[in-house]
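None of these values were measured; they are calculated from a predicted model. What's counted below: heavy atoms across the whole structure, side chains too, no hydrogens, waters or symmetry copies. Chain naming here is simple, since letters A, B, ... match the order of the sequence lines and numbering starts at 1 in each.
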Amino acid sequence: MASCVRASMSDNQFELTIEVPFPSQREVSIALQSLSPDREPGTGGTVRTLSASANALSVKWNAVEARSLRVSAGSFLDHLALVMETMDAFGQPALP
Amino acid sequence: MTVVIGFEGSANKIGIGIVRDGEVLSNPRRTYITPPGQGFLPRETAKHHRGVILTVLREALDEAGLKPADIDCVAYTKGPGMGAPLVTVALVARTVAQLWGKPLVGVNHCIGHIEMGRLITGANNPTVLYVSGGNTQVIAYSERRYRIFGETIDIAVGNCLDRFARVIKISNDPSPGYNIEQMAKKGKQYIELPYTVKGMDVSFSGILSYIEEMAHKMLSSGQCTAEDLCFSLQETVFSMLVEITERAMAHCGSQEVLIVGGVGCNLRLQEMMGIMCEERGAHLFATDERFCIDNGAMIAQAGWEMFRMGQVTELSDSWITQRYRTDEVEVTWRD
């Protein structure tokens, strides 16, 4: 899966944006709703925002510390990979 | 007929079980086992769960002989437990619930243990001793809540046993508690340890510090064997648990005890509790390792009760929580 990453830094604020394309609106919506409910743990000042377009999931981070941004992004990618593997394995109901 | 699939992964076990109207159709499970001397950490445990969860899900469906379309509801552990493993399991539960178009229901882990114990043993209204690596509570049902009569004021009894096992490098395979139980059978000498019951509550951290401090000295000087220590620790902590359980029974006028949670499959604990029950003319209910130790079917069973009462969890409310007390849940399915 291709994704576009943009990172920048201004006023001691780190920002990271990832765009994850999906085959259809349905998969985008499922991924968004699976990944949204759990809040960012800790009080590291990292804010993660998820949003959906027609066929892509956008994730944006704003962080004060690069370290907490890296931890948050790393764990998000693990979660995203698991959701996508689950879709691949159980997404197409077997026809009788 | 109502078919519920349950996802559990709040600690080092990952289990997925399917229950159809009180019948367990499948209940596969994997355990993350660490080397002797090491405990399991949230990050590594979550990684273990991620690696096997889809295989376990496939097994659960295949063993039950069901297709996703046959399932009515997807239950998962909302808490309490370790954050990272809980999130891992909740992610898969949310994803399949959406893929299959099924409602989701978030289950309190402790309630899962209690409802599974009631289902398997047929206990009607027992005083419950819930003992595991993360929890130690004496519970009785009253007016739509499982009320906590007594609990640990520091660490869980299973945590005390697990950490003692680490001190003297007992294997974590299949579990430290099981290996302590086997070694305790060969213990010949009782070493006196602190006995810490405080009213209806118990404390284990002082006992652990004490035994951590003295174990190596006593072992190297040949004053006692590792087997003696296992025996003495079990006798002490289990006596404390039997004492507070008996007091809760007296308070409630209860004639039934149900032991649930991973430590609950310890046969010596069951034997000691059985002696107390016999003296009071009460009845003891316990289950074996399949249902005592964390498993998916217990979450499916509690989820089944909740779903039948019309309870579902919206995706936006399906966040996990590391702290979730047993008495926070309104028990809508009992009188």
Side-chain angles (χ1 to χ4, degrees), chain A residues 1 18 20-44 46-52 54-57 59 61 67-96, chain B residues 5 7 9 14 16 42-62 66-71 74 76 78-79 82-102 104 106 313-323:
Chain A
M1 157 160 320
I18 298 180
V20 188
F22 279 90
S24 77
Q25 172 93 57
R26 180 170 178 260
E27 280 93 348
V28 178
S29 161
I30 291 175
L32 177 70
Q33 299 210 69
S34 288
L35 292 162
S36 303
D38 296 303
R39 277 181 298 167
E40 267 311 285
T43 51
T46 302
V47 180
R48 189 191 69 199
T49 320
L50 287 174
S51 59
N55 54 3
L57 181 71
V59 197
W61 283 268
R67 190 182 59 88
S68 63
L69 172 60
R70 194 184 65 231
V71 170
S72 176
S75 98
F76 179 83
L77 291 177
D78 285 340
H79 294 169
L80 175 68
L82 180 60
V83 167
M84 291 184 349
E85 280 171 42
T86 308
M87 287 182 184
D88 285 343
F90 294 93
Q92 301 296 326
L95 295 169
Chain B
I5 186 166
F7 289 74
I14 163 92
I16 302 174
R43 224 178 104 86
E44 285 71 28
T45 309
K47 192 176 172 196
H48 167 266
H49 290 3
R50 281 202 302 277
V52 297
I53 187 167
L54 297 179
T55 311
V56 178
L57 176 54
R58 176 54 63 203
E59 279 176 22
L61 289 166
D62 289 352
L66 294 180
K67 297 187 297 294
D70 302 322
I71 286 163
V74 177
Y76 72 99
K78 185 174 180 65
M82 286 179 153
L86 280 170
V87 170
T88 300
V89 173
L91 281 170
V92 174
R94 285 177 202 136
T95 305
V96 295
Q98 293 182 82
L99 289 169
W100 302 341
K102 308 294 177 185
L104 197 62
T313 305
E314 296 302 325
L315 281 162
S316 55
D317 297 325
S318 67
W319 36 269
I320 60 92
T321 171
Q322 299 192 67
R323 303 197 181 279

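- Across every non-hydrogen atom of B:Q98 and A:R26, the tightest pair is O-NH2, 4.0 Å.
- Note that OG of A:S34 and CG of B:L99 are 7.5 Å apart. Values are rounded to the nearest 0.5 Å.
- Ranked by heavy-atom pairs shorter than 4.5 Å toward chain A, the options B:Q322, B:R50, B:K47 are led by B:R50.
- Neither the backbone nor the side chain of B:T321 comes within contact range of chain A; no heavy atoms are under 4.5 Å apart.
- For B:R43, no part lies under 4.5 angstrom from a heavy atom of chain A.
- In this structure, OG1 on B:T88 lies 5.0 Å from NE2 on A:H79, to the nearest 0.5 angstrom.
- Exactly one of A:I30, A:T86, A:D38 qualifies for a side chain to side chain contact (heavy atoms under 4.5 Å, CB included) with B:R94. That residue is A:D38.
- For the pair A:F90 and B:L54, the minimum side-chain heavy-atom distance is below 4.5 Å.
- Interface remark: A:S36 contributes no atoms to any contact with chain B (heavy atom separation under 4.5 Å).
- Within the model, atoms CG of A:L80 and CG of B:L91 stand 10.0 Å from one another, a figure rounded to the nearest 0.5 Å.
- Only the side chain of B:I53 comes within contact range of chain A, with at least one heavy atom under 4.5 Å from a heavy atom of that chain.
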